[in-house]
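Note on naming: letters A, B, ... go to the chains in the order of the sequence lines (proteins, then strands), and numbering restarts at 1 for each one.
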2 protein chains.
Amino acid sequence: MDFQKPRVTINEIAELAGVSIATVSRALNNRPGISQKTKEKVQRIITQTGYQPNIFARNIREHQTKLIGLIISDASNEFFKQVSRAVQDQAALAGYSVIMLNSDENPAEEMQAIQILRHYDVSGLIIASTDTHLDYHQLVGDTPTVFFDRAPSPDKQSQFDTLLVNNVSGAELAVSELIRQGASKIGILSSGVSTAGKERQQGYLKALAEYHLPLDQNLIYTSDVKQIKALDYAHELLMTHHCDGIFAADNTLLLVVLQEIKLLHRPNIKVATFDNTAWFDYFKQPVISVKQPTATIGHQAVDLVLKRIKEPTLPAKTRRFSVQLIRRG
Amino acid sequence: MDFQKPRVTINEIAELAGVSIATVSRALNNRPGISQKTKEKVQRIITQTGYQPNIFARNIREHQTKLIGLIISDASNEFFKQVSRAVQDQAALAGYSVIMLNSDENPAEEMQAIQILRHYDVSGLIIASTDTHLDYHQLVGDTPTVFFDRAPSPDKQSQFDTLLVNNVSGAELAVSELIRQGASKIGILSSGVSTAGKERQQGYLKALAEYHLPLDQNLIYTSDVKQIKALDYAHELLMTHHCDGIFAADNTLLLVVLQEIKLLHRPNIKVATFDNTAWFDYFKQPVISVKQPTATIGHQAVDLVLKRIKEPTLPAKTRRFSVQLIRRG
DNA sequence: TTGAAAGCGCTAACAA
DNA sequence: TTGTTAGCGCTTTCAA
């Protein structure tokens, strides 16, 4: 039932090389106090045997795992897929691997995820916070941590590296484009759980104000965590309130809106959303979208975490990336 | 620069409980040979302190990581995104976490990925083989392994659990539908590197034969690994050969085809593909697609690996799932 | 420049 | 029922 991997260990290398394990360790880690000659001999044997030091044995003393923990809040969301892709790639480049966990917009799951990841002694953590007021300081302890997409509770934000995008102006751009394309009664569907969702709602309001469009609270829908009601909301926006434009604050909500538009045969409704995928270019219903720099976010998240692993005392900074409006229609 | 996590260790628990570490270990792992009373006392202290056994120290002896390694061959492919999602979810349910690595259709990278994952002592491996004749037996050693999407080299296949779909009949269904919708000159773009791609090509041939359509070798394009030429191929299919239907054997190739169709303003070309996403429902250009049971594949892969972790000597089996044609247009 | 030996946190065989 | 102890594979003092 239980079985051992017949791994080559440092002992065998030592024996083969006719030296002590301490000497092998020195050769292995390029430590001083070893002659060039011995080092070469040992290294030759290491490559010959394909020996790889046991990461777990090493970890017991070193706490070095070359593992990065990534916690996203919604695995079905295009944005997170893209960012996680970028994280994986960038981490791989640096010789790190990533363990990804899904918090499902649930603070309790997020807490558990952090615990699991710390349990694996990840060298760093990259988190899309579910944005309740979790006590991240105590949760992550001294594990270098970077937040993205959503800021941790505002008062703590300054203590962690945080990567955000300009949600307000992105949403403003998108809604403005809707207006420019002729929409005058625009509804919004946004997520109430994330800072991102709230900010996008602000952008919506700004665009309306800018174009002197009346503000109608009935057109503002904030979906719950599970977005169960999103379909009803979309329905009301179209049927009850006769909107001629809808801004879906993320692509999961967009899907719901498109579904409803199709169902009700309303091809003339103008639609805008946050996030972008290559598929959007082939839609019947043109979709105005706001493209986030997902690759940059993922890469920078890894870079920041790596930097902080090296220098844990670095002052934390928050960066906001600008977004790009993609006009269609 | 280096810092220790002030983790609670088994020693402190032992001290606090006034027992030996062996006793703590027994309480921890529900081993026999401990009185109910002591066990409860120890467990109380464990919860009080929030103690978590060091997984690495444990691993050195146990080789138990609760980690599953997942190797996919193309992170941008919708199929792999969906399967990996299912793998993550199912693994989480069983208390396992997954490390995902991308081989990028590159056997060398796949080999390295296997090594990295074994280095982390993953309890099991789930692999979409790049399908060169890698010596998987020697690569994965005794790590319980499940293959999906592509079979390992045929002669070894019987030695590993393998999860495939019915590529031939899926492609046949899709191409038949193209024909039924009126296409009579149908080109195919498929990947040459995977067994899946080859099988889908067979399905294409079968459909043509079935409907007594002439077989024209000029309409069969097999893209290289990097799919660099795919765009040229699509161009030729449309411009040189005047196809009125195209079967793109995966969604990455579909993207290329759609791009070219749009560029050349050929909305009347009928298109079919393997894999399915929710976005397809909203395309201007209707896309016939073949839906794979991605969730089932991911879940079963995990289940099989878990089963094999428990019983390493289980006979290997290959399962083929059927696919579903989604008509559009 | 080298090796012996201690110890990282844990499990399990053995003794008590 | 409990504790003592060896040892997992490694790094790192400390002595030689």
Would you kindly give the [atom1]-to-[atom2] distance between [X] and [N], to the nearest whole Å?
X        : N      : atom1 : atom2 : value
B/Leu28  : C/dA12 : CG    : C1'   : 14 Å
B/Asn11  : C/dT11 : CG    : P     : 12 Å
B/Ile21  : C/dT11 : CD1   : P     : 9 Å
B/His63  : D/dC10 : NE2   : P     : 10 Å
A/Asp121 : C/dC8  : CG    : P     : 16 Å
A/Ile60  : D/dC10 : CD1   : C1'   : 8 Å
A/Lys41  : C/dT1  : NZ    : C1'   : 12 Å
B/Asn59  : C/dC10 : CG    : P     : 13 Å

**Message:** Over all strands shown, is B/Arg31 touching base, sugar-phosphate only, or nothing at heavy-atom distances under 4.0 angstrom?
**Reply:** sugar-phosphate
**Request:** Just call it for B/Asn29: base, sugar-phosphate, or nothing, with non-hydrogen atoms closer than 4.0 Å on any strand.
**Result:**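 Sugar-phosphate contact only - B/Asn29 comes under 4.0 Å of backbone atoms but never of a base.
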**NZ/NE/NH1/NH2 to OD/OE distance under 4.0 Å, A/Asp89 and A/Arg85** =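 Counted as a salt bridge, because a side-chain N and a carboxylate O are separated by less than 4.0 Å.
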**Asked** Between B/Arg308 and B/Asp142, is there a side-chain N and carboxylate O pair less than 4.0 Å apart?
**Response** no
What's the closest nucleotide to the side chain of [X] if the choices are [options]?
X       : options               : result
B/Glu62 : C/dA5, C/dT11, D/dT2  : C/dT11
B/Ile34 : C/dC10, C/dT2, D/dT2  : D/dT2
A/Arg58 : D/dT11, D/dT13, D/dC8 : D/dT11

Is there a side-chain contact between [X] and the phosphate of [N], meaning an N or O under 4.0 Å from OP1 or OP2?
X       : N      : result
B/Ser25 : C/dT11 : yes
B/Thr38 : D/dT1  : no
B/Thr23 : D/dT2  : no
B/Thr9  : C/dG9  : no

**Request:** Work out which heavy atom in A/Lys66 is nearest to a heavy atom in B/Tyr120; give both atom names and the distance.
**Result:**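 Nearest heavy atoms, A/Lys66 then B/Tyr120: O-OH, 2.8 Å.
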**Item:** Exercise: identify the closest heavy-atom pair between B/Gln64 and B/Asn59
**Value:**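 Reported closest heavy-atom pair: N-ND2, 3.5 Å.
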**Request:** State, without any angle test, whether A/Tyr96 and A/Gln88 hold a side-chain donor-acceptor pair at a distance under 3.5 Å.
**Result:**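 Note: A/Tyr96 and A/Gln88 side chains miss the donor-acceptor criterion.
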**Request:** For B/Tyr51 and for B/Arg26, locate the closest nucleotide of DNA chain C by heavy-atom distance; then report the residue assigned to the nucleotide nearer the 5' terminus.
**Result:** B/Tyr51
**Asked** Below 3.5 Å, does any donor atom in the side chain of A/Arg61 face an acceptor in the base of C/dG7, or the other way round?
**Response** yes
**Fill in**
Result for 5'-nearest mapping on DNA chain D, choosing between A/Pro53 and B/Pro32, is B/Pro32
